[in-house]
Visitor: 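This structure is in structure tokens; I'll ask about it shortly.
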Protein chains: 2
Amino acid sequence: MNFFKKIFLNSRHIILYGLLLAILVFTLKWLQWKFLIVDNSLDIYIGLIAVFFTILGVWLATHLVKTKVKTVVVEKEVYVETSDENRINESELKKLNLSSREYEVLQLLAKGYSNADIAETLFVSISTVKSHVSNLFVKMDVKSRTQTLEKAKRLNII
Amino acid sequence: MNFFKKIFLNSRHIILYGLLLAILVFTLKWLQWKFLIVDNSLDIYIGLIAVFFTILGVWLATHLVKTKVKTVVVEKEVYVETSDENRINESELKKLNLSSREYEVLQLLAKGYSNADIAETLFVSISTVKSHVSNLFVKMDVKSRTQTLEKAKRLNII
DNA sequence: GACTGATTCATACTTTAGTATTAAAATGAG
DNA sequence: CTCATTTTAATACTAAAGTATGAATCAGTC
């Protein structure tokens, strides 16, 4: 259904043109019969046809030719929410699969704490901190605390 | 002078049309005289004229009438940093009075580079890097690279 | 109750970081 | 040219970080 409708809409100008042509031919035939047009009035006759079809051509062209669509892209400045930038990237954090204690250590690490500082803060031994830090390195695929901080800041997980 | 030139340029299509019309009329007159067109071939004759003038009209329209230009304004969202959060705090940086080399070292430090990495990057010995790092610590009033990074990020100097 | 993962801790060792001191060479301003 | 600063570098040392391994304890799951 939609298909035929589309065809009709696309070719309606052509159909209209055909109808007008038919009407003209009938009119001419009628005039020919009615007034018995003689040879010397042929020029006027042709002239009228010429004028008519020229106008028709112009009309056709203006209606058939697609209007050029000129797309002007206007840049609109949109201010980004600043708060989003500092928000923790939960998805990235989840990917790392850190334990709660490891994440605690990471946060203290980010504050510039040494292993001894972290041990003191969490009331555990330095050995324990070292274990957590080592596990952290493996999970985050880094080799030092500075690399850890760089990656953590980059992923927005602290 | 320019005025007439303008008129000519603007109406050259019309003039051309006139000329074509004249040529056609002459051609028709010639055909009329040459073959003594009879009444029953009049339909074909008119048909040819109709087709010709339709094409002429179309041609006229496409050349005379300004192409319809539909201007569509599309807004493109351009994200802009609102805050100064990511901008380097020049005043704080100036306060620290770091030498250019010290600042270079600081930036590499922030990327998680080890002393060896920095030495390799700057084409200097590890001893030199250690010197720069030590001077950096004194100037920034810190005791380790992690503290340096924490403070540098806090002061927005990297 | 056995299993798993998290947390805790220790020891021994290697590597890296950081301190202190000294000093040569380069750079740039007055 | 001189002076101050920066950049470079070395040596010797200490401190901290990081690795490897093993193991005990505990909480939650099947």
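Protein chains get the first letters and strands the later ones, always in sequence-line order, with residue 1 at the start of each.
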Visitor: Between C1' on D/dT8 and CD1 on B/Ile126, what's the gap in Å once rounded to a whole number?
Guide: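 So the CD1-C1' distance, B/Ile126 to D/dT8, works out to 14 Å.
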Visitor: Through what angle, rounded to 10 degrees, does the axis of the helix from C/dG1-D/dC30 to C/dG30-D/dC1 turn between its ends, using five pairs per end?
Guide: 50°
Visitor: Salt bridge (charged side-chain N to carboxylate O under 4.0 Å, His left out) between A/Glu150 and A/Arg154: does it pass, once the steps are laid out?
Guide: CA-CA 6 Å; A/Glu150 190 276 327; A/Arg154 185 153 46 79; 3.0 Å; yes
Visitor: Base, sugar-phosphate alone, or nothing: which one does A/Ser125 contact when heavy atoms must sit under 4.0 Å apart?
Guide: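 If one applies the 4.0 Å heavy-atom cut-off, A/Ser125 turns out to touch the sugar-phosphate alone, with no base involved.
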Visitor: Rounded to the nearest 0.5 Å, what separation is found between the NZ atom of B/Lys143 and the OG1 atom of B/Thr148?
Guide: 11.0 Å
Visitor: Could you state the CD-P distance from A/Glu120 to C/dT8, rounded to the nearest angstrom?
Guide: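 A/Glu120 atom CD is separated from C/dT8 atom P by 16 Å.
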Visitor: Do the side chain of A/Glu102 and the main chain of A/Ser99 share a donor and acceptor less than 3.5 angstrom apart?
Guide: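 Here the side-chain-to-backbone pair exists.
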Visitor: When you look at NZ of B/Lys111, are more than 12 heavy atoms from neighbouring residues, nucleotides or ligands closer to it than 6.0 Å?
Guide: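 Atom NZ in B/Lys111 is not packed in, count stays at 12 or less.
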Visitor: Examine distances only and state if a side-chain atom of A/Arg145 and a backbone atom of A/Tyr113 form a donor-acceptor pair shorter than 3.5 Å.
Guide: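 Judged by distance alone, yes, a pair lies under 3.5 Å.
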Visitor: Anything under 3.5 Å between a protein N or O and an N or O of nucleotides 14-18 of chain D, put it in a table, one pair a line.
Guide:
{"unit_1": "D/dA17", "atom_1": "OP2", "unit_2": "A/Asn115", "atom_2": "N", "d": "3.2"}
{"unit_1": "D/dG18", "atom_1": "OP1", "unit_2": "A/Arg145", "atom_2": "N", "d": "2.8"}
{"unit_1": "D/dG18", "atom_1": "OP2", "unit_2": "A/Arg145", "atom_2": "NH1", "d": "2.7"}
{"unit_1": "D/dG18", "atom_1": "N7", "unit_2": "A/Lys130", "atom_2": "NZ", "d": "3.2"}
{"unit_1": "D/dG18", "atom_1": "O6", "unit_2": "A/Lys130", "atom_2": "NZ", "d": "2.7"}

Visitor: What's the spacing between B/Leu136 CG and B/Tyr103 OH if we round to 0.5 Å?
Guide: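 Answer for the CG-OH pair, B/Leu136 versus B/Tyr103, is 11.0 Å.
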Visitor: Measuring from A/Leu149:CG to A/Ile158:CD1, what's the distance to the nearest 0.5 Å?
Guide: 6.0 Å
Visitor: Can you tell me how far C1' of C/dT7 sits from CZ of A/Phe123, to the nearest Å?
Guide: 17 Å
Visitor: Within the structure provided, determine whether A/Val133 and A/Val105 are in side-chain contact (heavy-atom separation under 4.5 Å).
Guide: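 Counting from C-beta outward, A/Val133 and A/Val105 do come under 4.5 Å.
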Visitor: Take the protein atom NZ of A/Lys139 and the nucleotide atom P of C/dG5, then report the distance between them rounded to whole Å.
Guide: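 These atoms are roughly 11 Å apart.
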Visitor: Would you indicate whether the side-chain heavy atoms of B/Lys95 and B/Glu92 approach each other to under 4.5 Å?
Guide: yes
Visitor: If only side-chain N and O atoms of B/His132 are considered, is one of them under 4.0 Å from the OP1 or OP2 phosphate oxygen of D/dT7?
Guide: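 Indeed not, no polar side-chain atom of B/His132 lies that close.
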Visitor: Check the side chains of B/Ser131 and B/Thr128 for a donor-acceptor pair under 3.5 angstrom, ignoring hydrogens and angles.
Guide: no
Visitor: May I ask you to verify if any side-chain N or O of A/Thr128 is less than 4.0 angstrom from the OP1 or OP2 atom of C/dC9?
Guide: yes
Visitor: Around atom CD of B/Gln107, are there more than 12 heavy atoms from other residues, nucleotides or ligands closer than 6.0 Å?
Guide: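 Yes, enclosed.
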Visitor: Within this structure, what is the CG-to-C1' distance between B/Asn135 and C/dA17, rounded to whole angstrom?
Guide: 15 Å
Visitor: Considering only heavy atoms, which members of residues 97-105 of chain B lie under 4.0 Å from some atom of DNA chain C?
Guide: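 Per residue number, the list is empty: none.
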